[in-house]
Amino acid sequence: MNKDRKLIIAGNWKMNKTVAEALDLVAGLKRELAAIKEVDLVVAPPFTALSEVSKVILDSNIRLGAQNVSEQNVGAYTGEIAAAMLKEFSVRYVILGHSERRQYQQESNELVARKAIAVHAVALKPIICVGEVLAERESGRTEKVLETQVRGSVAGLTADQMEETVIAYEPVWAIGTGKTATTEQAQAAHAFIRRTLASLYDETVAKRVRIQYGGSVKPGNARELMSQPDVDGALVGGAALEVRSFSDIVKNSI
Ligand code: 13P
């Protein structure tokens with residue numbers, strides 16, 4: 001495929017995998033994906049596996065992601081983890097504002113924006129998730145919701161920081177449900193997000209930002225989704241937990 005933007009496919013492992021299981025999975029991915037140069041590959045294990053996984057992928061084409069971070073740099077914030085601490089484990093990407101965190105931890109766009117600033121402050125790259133719930137889509141509010149989420153979640157980022165930020169469009173109704181957005185729905189949402197970025201920054205910035213699709217991505221639908229002009233990769237949940245399915249998604253996307 002001929003896109004100016006390099007595809008980025010990330011596995012969001014969510015709250016799955018012990019350290020031993022994580023090492024197994026990543027050893028398999030290293031083996032299966034060693035030859036892949038066309039795609040930026042990222043795995044985001046739980047915090048508890050970051051240290052061990054980071055050692056194993058050091059000499060590979062797989063980069064490390066985390067699933068969350070504190071908006072604070074240091075101090076009395078029990079249970080929180082700072083961006084600089086993630087950097088110690090060679091983490092490169094941090095998933096922010098996933099719909100599960102927006103739902104269960106009440107994360108707001110404002111909080112996501114503060115976290116994105118904290119992530120950039122230590123030169124890591126945020127993957128900022130946005131996406132509408134089913135009722136919003138069905139009542140024709142998808143674009144309004146996406147615009148509010150994108151505007152709010154990137155507030156305060158400079159143009160340079162924006163270019164180094166990944167957006168993940170994850171329609172909430174497609175997450176873990178086996179329902180995937182149609183290629184037309186995905187492309188339309190991605191193009192809309194890019195237009196929103198162009199209005200917030202400019203065309204050049206908007207053209208450089210990679211926008212991943214997430215929500216029931218599988219080996220069987222990856223190629224069609226990735227072939228859309230504004231779809232620049234995938235954020236994969238369930239299918240990222242097995243060597244075969246994640247590797248096939250990557251290979252089918254090229
Ligand atoms: P599934 O691929 O399991 O639908 O999850 C998508 C997701 O939430 C990735 O962040």
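Whatever order the structure lists ligands and atoms in, that order sets their numbers, starting from 1. Heads up: numbering here begins at 1 and tracks the sequence. When reading the values below, keep in mind they use all heavy atoms of this one structure, side chains included, and skip hydrogens, waters and symmetry mates. All values reported here derive from a predicted model rather than from experimental measurement.
- By the side-chain contact (heavy atoms from CB on, under 4.5 Å) test, T180 is found to be paired with Y213, S216, N221, L225, residues two or more places apart in sequence or in another chain being considered.
- Checking side-chain atoms of D40 against main-chain N and O of K6 turns up no donor-acceptor pair under 3.5 Å.
- The CD1 atom of I249 sits 11.0 Å away from atom CD of E242, with the distance rounded to the nearest 0.5 Å.
- Atoms of ligand 1 found under 4.0 Å from any heavy atom of E170 (numbered from 1 in listed order, with element): 6 (C), 7 (C), 8 (O), 9 (C), 10 (O).
- Under 4.0 Å from ligand 1, the heavy atoms of N12 that appear belong solely to its side chain.
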Working for side chain to side chain donor-acceptor pair (under 3.5 Å), residues Q149 and N109:
CA-CA 6 Å; Q149 289 181 340; N109 295 321; 5.2 Å; no
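- Side-chain contact between H98 and I175 is present, with heavy atoms from C-beta onward closer than 4.5 Å.
- Taking any N or O of G215, backbone or side chain, none lies under 3.5 Å from an N or O belonging to ligand 1.
- I62 is connected to F89 through a chain of hydrophobic side-chain contacts under 4.5 Å among Ile, Leu, Val, Met, Phe, Trp and Tyr, so both are in one cluster.
- Between I175 and ligand 1, a contact under 3.5 Å exists for no N or O pair.
- For the pair K14 and ligand 1, the shortest N or O to N or O distance falls below 3.5 Å.
- Residue-to-ligand polar distances keep V236 apart from ligand 1: every N/O pair is separated by 3.5 Å or more.
- Residue contact check: G176 has heavy atoms under 4.0 Å from atoms 1 (P), 3 (O), 4 (O) of ligand 1.
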Please output the side-chain donor-acceptor pairs of residues 162-169 that fall under 3.5 Å, not counting sequence neighbours, one pair per line with the distance.
| from | atom 1 | to | atom 2 | distance (Å) |
| --- | --- | --- | --- | --- |
| E163 | OE1 | R208 | NH1 | 3.4 |
| E163 | OE2 | R208 | NH1 | 3.2 |
| E164 | OE1 | K125 | NZ | 2.5 |
| T165 | OG1 | H120 | NE2 | 2.8 |
| T165 | OG1 | Q161 | O | 2.7 |
| Y169 | OH | E132 | OE1 | 2.9 |
| Y169 | OH | E132 | OE2 | 3.0 |
| Y169 | OH | R137 | NH2 | 3.2 |

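- Protein heavy atom nearest atom 2 (O) of ligand 1, with residue, atom name and distance: G237 N, 2.9 Å.
- A salt bridge links R194 with D232; the closest basic N to acidic carboxylate O contact falls under 4.0 Å.
- Contacts of C129 with ligand 1, taken as heavy-atom pairs under 4.0 Å, are absent altogether.
- Here the side chain of Q67 pairs a donor or acceptor atom with the backbone of K14 at under 3.5 angstrom.
- Near G238, with a cut-off below 4.0 Å to any heavy atom, the atoms of ligand 1 are 1 (P), 2 (O), 3 (O).
- If you number the atoms of ligand 1 from 1 as listed, the ones under 4.0 Å from a heavy atom of A174 come out as 4 (O).
- The contact set between ligand 1 and H98, taken as ligand atoms under 4.0 Å from a residue heavy atom, comprises 7 (C), 8 (O), 9 (C), 10 (O).
- Of the polar atoms of T177, none of the N or O atoms is found under 3.5 Å from an N or O of ligand 1, judged by distance alone.
- Remark: ligand 1 atoms within the under-4.0 Å shell around heavy atoms of S216 are 1 (P), 2 (O), 4 (O).
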